[in-house]
Amino acid sequence: MADGPYKYIRDADGKVSRVIRVGTRKSQLARIQTDSVVEKLKELYPDVHFEIVAMSTTGDKILDTALSKIGEKSLFTKELENALEKNEVDLVVHSLKDLPTVLPEGFTIGSVLNVVGTSSLRRAAQLKKRFPHLEFKDIRGNLNTRLKKLDEKDDFSAIILAAAGLRRMGWENRISQILGPDDCMYAVGQGALAVEVRARDQDILEMVSVLNDSDTVLRCIAERAFLKHLEGGCSVPVAVYTEVKNSQLYLTGAVYSLDGSDSLKETMQTSISSDNQAEEQEKVDEKVQRVSITALKVSEAPQDAAVKLGVDLGNLLLSKGAKEILTVARQLNDAQ
């Protein structure tokens with residue numbers, strides 16, 4: 001049964017429960033990630049019925065072109081956001097790295113959780129600099145497809161994948177080496193899950209806010225603020241590394257030329273402690289978004305500090321010539 005935009009079901013005993021429809025991509029990894037979020041929500045809200053709605057996105061369908069060459073900013077999100085706008089789903093689980101730093105009007109990221117580890121342009125640029133004797137080629141497809149190409153074809157001696165995805169799939173045995181931040185920093189939001197909701201749906205926003213991991217939220221806000229200030233995206237090599245230690249948030253950011261020969265890399269830090277944590281949490285304004293993240297139950301002062309950290313680091317790199325490096329990288333990528 002339906003009541004306005006909401007959907008309800010009645011069980012055999014006549015009990016009525018609200019149905020929350022959760023949008024996701026159809027890939028195996030996306031389903032595993034979405035299932036993990038839904039399981040957490042079921043534990044917290046046992047009286048709510050959660051229904052998963054899976055669909056294919058543009059990025060799932062175009063497999064013969066490097067992501068950086070396609071040019072579309074919402075390759076893995078557009079169809080899901082269309083369903084969210086039409087009230088066909090109530091929330092959507094994404095890999096945070098797939099979401100732009102500015103979302104379409106009316107949407108917000110209501111929860112950020114579960115950072116586990118580390119497109120291709122960023123990895124290749126860093127590794128070319130570190131290992132100039134290696135040749136790098138694009139490889140597309142989901143994890144299953146990429147591993148199959150490695151196993152069955154002679155094109156690749158090795159492939160570079162995000163450890164987070166392999167671990168979520170239960171395929172840790174396929175990991176032969178972990179690349180640390182000295183070898184290869186990661187993409188903004190890499191390894192984090194994001195729950196996107198309609199900004200006006202206060203009840204859904206409150207529901208998913210309990211999933212927020214404070215440290216993860218602050219790390220991702222800083223990363224996204226840095227990327228936004230640089231006006232970067234998937235068509236230019238921008239990489240980050242964040243860490244929270246002793247109430248300090250550390251952000252390392254870098255930009256690279258396509259071949260890795262030219263680069264800039266700097267680290268900055270800020271305090272994210274809050275003297276009046278409980279009081280601050282009470283004052284969080286649900287209407288305030290920071291790089292399209294509405295993080296209820298996370299104190300505002302540390303969120304503001306994280307934004308400032310990202311912007312300040314972006315300004316530092318820009319003052320040293322980052323814009324010129326990224327402009328050339330973007331032009332060369334478009335010309336290839």
Side-chain angles (χ1 to χ4, degrees), residues 95-97 99-103 108-118 122 126 162-164 179-195 209-232 238-255 263-285 288-320 322:
S95 292
L96 180 59
K97 65 180 178 59
L99 288 172
T101 54
V102 179
L103 295 183
T108 189
I109 298 167
S111 183
V112 180
L113 65 162
N114 206 18
V115 164
V116 190
T118 187
R122 169 191 45 79
Q126 293 179 82
L179 297 174
D182 289 339
D183 293 319
C184 186
M185 297 195 298
Y186 48 77
V188 167
Q190 184 81 51
L193 299 182
V195 181
S209 69
V210 297
L211 300 176
N212 272 319
D213 177 84
S214 295
D215 285 356
T216 302
V217 168
L218 297 175
R219 290 172 60 188
C220 291
I221 285 176
E223 292 174 9
R224 286 168 64 83
F226 171 70
L227 181 66
K228 180 182 179 183
H229 200 67
L230 288 178
E231 298 181 349
V238 175
V240 295
Y241 176 75
T242 50
E243 184 180 17
V244 173
K245 187 166 55 178
N246 299 325
S247 298
Q248 293 286 312
L249 173 59
Y250 297 83
L251 171 63
T252 299
V255 299
S263 65
L264 288 169
K265 180 179 177 182
E266 295 288 347
T267 300
M268 296 182 73
Q269 69 188 78
T270 189
S271 171
I272 53 170
S273 63
S274 179
D275 295 332
N276 300 301
Q277 189 83 3
E279 179 183 342
E280 283 288 333
Q281 288 181 1
E282 290 299 318
K283 294 188 293 184
V284 172
D285 186 348
V288 174
Q289 294 188 30
R290 296 169 178 85
V291 282
S292 294
I293 295 174
T294 304
L296 303 185
K297 300 180 173 60
V298 178
S299 300
E300 288 195 336
Q303 290 189 63
D304 291 336
V307 172
K308 186 176 185 301
L309 177 64
V311 172
D312 287 348
L313 185 61
N315 278 329
L316 178 59
L317 290 188
L318 288 171
S319 72
K320 295 189 173 188

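When a residue number appears, it is its place in the shown sequence, counting from 1.
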Partner set under side-chain contact (heavy atoms from CB on, under 4.5 Å) for [X], not counting sequence neighbours:
{"X": "Asp215", "answer": "Asp213, Val244"}
{"X": "Ser271", "answer": "Gln248, Ser273"}
{"X": "Val210", "answer": "Leu44, Tyr45, Lys297"}
{"X": "Ala254", "answer": "Met185, Tyr256, Lys265"}

For [X] and [Y], work out which heavy atoms get closest and say how close.
{"X": "Ala225", "Y": "Val307", "result": "CB-O, 3.6 Å"}
{"X": "Asn212", "Y": "Leu296", "result": "ND2-O, 3.5 Å"}
{"X": "Leu103", "Y": "Pro100", "result": "CD2-O, 3.9 Å"}
{"X": "Ser214", "Y": "Val298", "result": "OG-CG2, 3.9 Å"}
{"X": "Ala306", "Y": "Leu218", "result": "CB-O, 3.5 Å"}
{"X": "Gln190", "Y": "Ala162", "result": "NE2-CB, 3.5 Å"}

Side chains of [X] and [Y]: closer than 4.5 Å at any heavy-atom pair?
{"X": "Val291", "Y": "Glu223", "value": "no"}
{"X": "Ser292", "Y": "Arg224", "value": "yes"}
{"X": "Leu251", "Y": "Met268", "value": "no"}
{"X": "Thr242", "Y": "Tyr250", "value": "no"}
{"X": "Leu113", "Y": "Val195", "value": "yes"}

Point-to-point distance, once rounded to the nearest 0.5 Å, from [atom1] of [X] to [atom2] of [Y]:
{"X": "Thr294", "Y": "Ile109", "atom1": "OG1", "atom2": "CD1", "result": "8.5 Å"}
{"X": "Leu317", "Y": "His229", "atom1": "CG", "atom2": "NE2", "result": "10.0 Å"}
{"X": "Thr216", "Y": "Ile221", "atom1": "OG1", "atom2": "CD1", "result": "11.0 Å"}
{"X": "Arg219", "Y": "Leu96", "atom1": "CZ", "atom2": "CG", "result": "11.5 Å"}
{"X": "Asp304", "Y": "Leu309", "atom1": "CG", "atom2": "CG", "result": "12.5 Å"}

Of all residues at least two apart in sequence or in a different chain, which pass the side-chain hydrogen bond (donor to acceptor under 3.5 Å, both in side chains) check with [X]?
{"X": "Glu243", "value": "none"}
{"X": "Thr101", "value": "none"}
{"X": "Thr252", "value": "Thr267"}
{"X": "Ser95", "value": "Gln33"}

(Q) Could you work out, with salt bridge (charged side-chain N to carboxylate O under 4.0 Å, His left out) as the rule, every residue matching Glu266, not counting sequence neighbours? (A) Lys320

Q) Which residues satisfy the salt bridge (charged side-chain N to carboxylate O under 4.0 Å, His left out) test with Lys308, sequence neighbours excluded? A)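 Expected list: Asp312.
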
Q. Any sub-3.5 Å donor-acceptor pair from Gln303's side-chain atoms to Ala295's backbone N or O?
A.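 Answer holds: yes.
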
Q | Exam field: side chain Arg290 to backbone Ala222, donor-acceptor pair closer than 3.5 Å | A |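 Flag not set: sc Arg290 to bb Ala222 has no pair under 3.5 Å.
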
Q: Just grab all the salt bridge (charged side-chain N to carboxylate O under 4.0 Å, His left out) pairs involving residues 181-195, residues at least two apart or on different chains.
A: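 Passing the test, one end in residues 181-195: Arg130-Asp183.
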
